[in-house]
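Keep in mind it's a predicted model, so treat the numbers as computed, not measured. Labels below follow one simple rule: chain letters A, B, ... track the order of the sequence lines, proteins then strands, and each chain is numbered from 1. As a basis for the values below, the full set of heavy atoms in this structure was taken, side chains included, without hydrogen atoms, waters or symmetry mates.
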There are 2 protein chains.
Amino acid sequence: MGRTPTGQTRTRVLAFVQERLLAGTPPTVREVQQAMGFRSVGTARQHLDALVDTGQLTRTDDSQHRGLRLPGRSTGGPGGRPTGGRGSSRPRLVPLLGRVQAGPLTTALQDIEDHVVVTTRHPPTELFALRVRGDSMAPEILADDVVIVRRQPKAEHGQLVVAMVDDEATIKRLHRRGSGADLRIELRATNPRYAPIAPDPAALVILGLVIELRREFTGA
Amino acid sequence: MGRTPTGQTRTRVLAFVQERLLAGTPPTVREVQQAMGFRSVGTARQHLDALVDTGQLTRTDDSQHRGLRLPGRSTGGPGGRPTGGRGSSRPRLVPLLGRVQAGPLTTALQDIEDHVVVTTRHPPTELFALRVRGDSMAPEILADDVVIVRRQPKAEHGQLVVAMVDDEATIKRLHRRGSGADLRIELRATNPRYAPIAPDPAALVILGLVIELRREFTGA
DNA sequence: CTTGTAACCACACAAATGTGTGGTATAGAG
DNA sequence: CTCTATACCACACATTTGTGTGGTTACAAG
């Protein structure tokens with residue numbers, strides 16, 4: 001059979017494998033063979049070997065099935081390790097809550113609007129996501145943004161918190177001054193059109209800490 | 001040997017598989033077995049079957065090796081059925097590029113710093129992530145934020161674009177005025193301390209559109 | 001007690017898959 | 001022309017892997 005120009009097929013193979021890896025479905029040698037139209041497995045393998053040699057692709061250590069990886073570092077999972085105690089972030093699915101009102105957060109879990117994928121380096125504490133309403137934290141946080149929240153009942157001065165205000169979850173920055181009986185806590189908005197809230201420290205309900213912000217730009 | 005409380009092991013299996021799928025490395029039945037400490041393959045399979053039955057996991061149609069998938073629809077091709085409802089689709093891994101300089105973006109793929117999980121309906125090849133540098137788009141976009149970019153060479157008026165400026169990728173808002181030979185294109189920063197850039201329309205290189213913004217709040 | 005079910009183990013087998021060996025043809029350099 | 005490297009094919013074989021069949025133990029309900 002004829003042969004394609006030098007290096008051209010090589011590039012096509014790399015593109016195909018990269019695409020599959022990014023899609024989360026590492027291809028097999030025979031899948032590469034079929035995608036490229038090769039009539040022999042060895043041909044596909046030869047190209048893959050060459051790509052690995054030049055460092056454009058990587059294989060898992062034990063070189064198992066579907067063992068191709070991207071050369072960037074943390075792409076590979078624990079591989080064959082028994083109990084991989086790696087330090088990199090782990091992706092997790094956390095619920096995106098529609099409305100959070102008064103009552104235990106467990107109740108709000110019935111109201112799951114969707115799930116979002118979060119990679120956090122923190123231990124699997126309780127995480128949830130909220131869709132932001134209102135512009136009280138503009139311009140830092142806008143309406144329709146999604147915030148990832150780590151559940152915890154206490155917060156420090158200056159932290160972004162999700163707190164219950166008027167039976168509804170709100171995002172504010174916590175300011176704490178004084179101590180003991182003289183403790184004064186304020187929930188401040190970034191937007192100057194909103195006045196600070198100074199709740200009774202004993203009655204203040206903090207749902208958690210904002211650890212991440214996500215905003216989608218929809219075309220416009 | 002004794003047995004663990006009802007449903008508990010099930011949850012652990014699901015968590016393990018989800019993690020692996022999000023990492024782009026679908027696990028084998030025997031990998032699940034080892035991770036859970038089962039002494040039999042069948043035990044792992046039984047749990048996986050149960051999870052598929054309850055719809056918490058999916059298998060590829062042909063049920064091949066490493067065929068577990070997340071329940072979100074299309075497995076990798078357009079074969080998935082449109083389960084009406086959410087706008088989000090299957091999570092994918094997108095490369096986070098360290099620095100993007102002049103030259104074809106393919107070259108920048110060598111410089112993959114990490115990977116980011118993104119749920120979008122766009123093909124993954126057309127997506128990449130960038131870590132923001134500088135404060136030219138403050139307060140909307142800050143330094144160290146991560147933006148998800150969809151590759152495309154053209155953009156409309158008012159869109160957030162990633163363009164090549166001085167051999168480096170920059171984020172700006174595109175302003176287009178006039179038409180034909182009188183066409184004038186400006187790249188504007190949000191931060192007033194940065195003057196608008198008015199490149200030659202023919203020489204303007206647009207890498208893509210910013211479709212999402214992510215910001216992590218590190219404790220403070 | 002009997003029945004049912006969830007959790008688990010042991011073993012087997014066909015298909016999928018990575019790898020190895022050897023061969024052919026074309027292009028380009030000398 | 002010879003020589004070499006690239007691109008490709010054909011076939012074989014050991015592992016890996018999904019799946020099937022059957023058995024064991026504990027817990028709860030009737």
* Strictly below 4.0 Å, heavy-atom distances to any atom of DNA chain C: list the hits from residues 42-53 of chain B, or just say none. =>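 Residues of residues 42-53 of chain B that come under 4.0 Å of DNA chain C are, in numerical order, B:T43, B:Q46, B:H47.
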
Between [N] atom [atom2] and [X] atom [atom1], what is the distance in whole Å?
| X | N | atom1 | atom2 | result |
| --- | --- | --- | --- | --- |
| A:R12 | D:dC8 | CZ | C1' | 14 Å |
| B:R10 | C:dT5 | CZ | C1' | 11 Å |
| B:M36 | C:dC8 | CE | C1' | 15 Å |
| B:F38 | C:dA10 | CZ | C1' | 15 Å |
| B:E31 | C:dT17 | CD | P | 14 Å |
| B:Q34 | C:dC9 | CD | P | 13 Å |
| B:R59 | D:dT17 | CZ | C1' | 12 Å |

Considering only heavy atoms from C-beta outward, does the side chain of [X] approach that of [Y] to under 4.5 Å?
| X | Y | result |
| --- | --- | --- |
| A:E212 | A:V118 | yes |
| B:P26 | A:T25 | no |
| B:R59 | B:D49 | yes |

* Would you mind telling me which of B:L160, B:V149, B:V161, B:L207 makes a side chain to side chain contact (heavy atoms under 4.5 Å, CB included) with B:I171? =>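 For B:I171, the side chain to side chain contact (heavy atoms under 4.5 Å, CB included) check succeeds only for B:L160.
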
For nucleotides 13-16 of chain D, give me every protein contact, N/O to N/O, under 3.5 Å, one pair per line with atom names.
| residue | atom | partner | partner atom | Å |
| --- | --- | --- | --- | --- |
| D:dT16 | O4' | A:H65 | NE2 | 3.3 |

* **Rounded distance [0.5 Å steps], CG in A:L142 versus CE in A:M137** =>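 Going from CG on A:L142 over to CE on A:M137, the span is 11.0 Å.
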
* **Distance (rounded to the nearest 0.5 Å) between B:L187 CG and B:M164 CE** =>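 Reported value, rounded in 0.5 Å steps: 12.0 Å.
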
* Apply salt bridge (charged side-chain N to carboxylate O under 4.0 Å, His left out) to A:E216 and list each qualifying residue two or more places apart in sequence or on a separate chain. =>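 In terms of salt bridge (charged side-chain N to carboxylate O under 4.0 Å, His left out), with neighbours along the sequence ignored, A:E216 is linked to no residue.
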
* **salt bridge (charged side-chain N to carboxylate O under 4.0 Å, His left out) partners for A:E31, two or more places apart** =>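 Salt bridge (charged side-chain N to carboxylate O under 4.0 Å, His left out) check on A:E31 returns A:R20, A:R66.
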
* To do: Consider the side chain of B:V41, meaning its heavy atoms from C-beta on, and name the nucleotide among D:dT19, D:dC9, C:dA7 that approaches it most closely.
  =>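 Out of D:dT19, D:dC9, C:dA7, the nucleotide with an atom closest to B:V41's side chain is D:dT19.
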
* To do: Compare the minimum distances between each of C:dA7, D:dG18, C:dC9 and the side chain of B:T9, then state the nucleotide with the smallest one.
  =>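 For the B:T9 side chain, the nearest candidate turns out to be C:dA7.
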
* To do: Five pairs at each end of the helix from C:dC1-D:dG30 to C:dG30-D:dC1: take the axis at both ends and give me the angle between them to 10°.
  =>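 One end's axis against the other's: 20°.
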
* Asked: B:S136: what forms a side-chain hydrogen bond (donor to acceptor under 3.5 Å, both in side chains) with it, not counting sequence neighbours?
  ->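 Once residues adjacent in sequence are excluded, the partners of B:S136 under the side-chain hydrogen bond (donor to acceptor under 3.5 Å, both in side chains) criterion are B:K172.
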
* Which one of B:Q159, B:E140, B:H157 satisfies the side-chain hydrogen bond (donor to acceptor under 3.5 Å, both in side chains) criterion with B:R173? ->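 So, applying the side-chain hydrogen bond (donor to acceptor under 3.5 Å, both in side chains) to B:R173 and each of B:Q159, B:E140, B:H157, only B:E140 qualifies.
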
* Full working for side-chain contact (heavy atoms from CB on, under 4.5 Å) between A:I206 and A:Q152 -> CA-CA 7 Å; A:I206 293 181; A:Q152 68 179 57; 5.7 Å; no

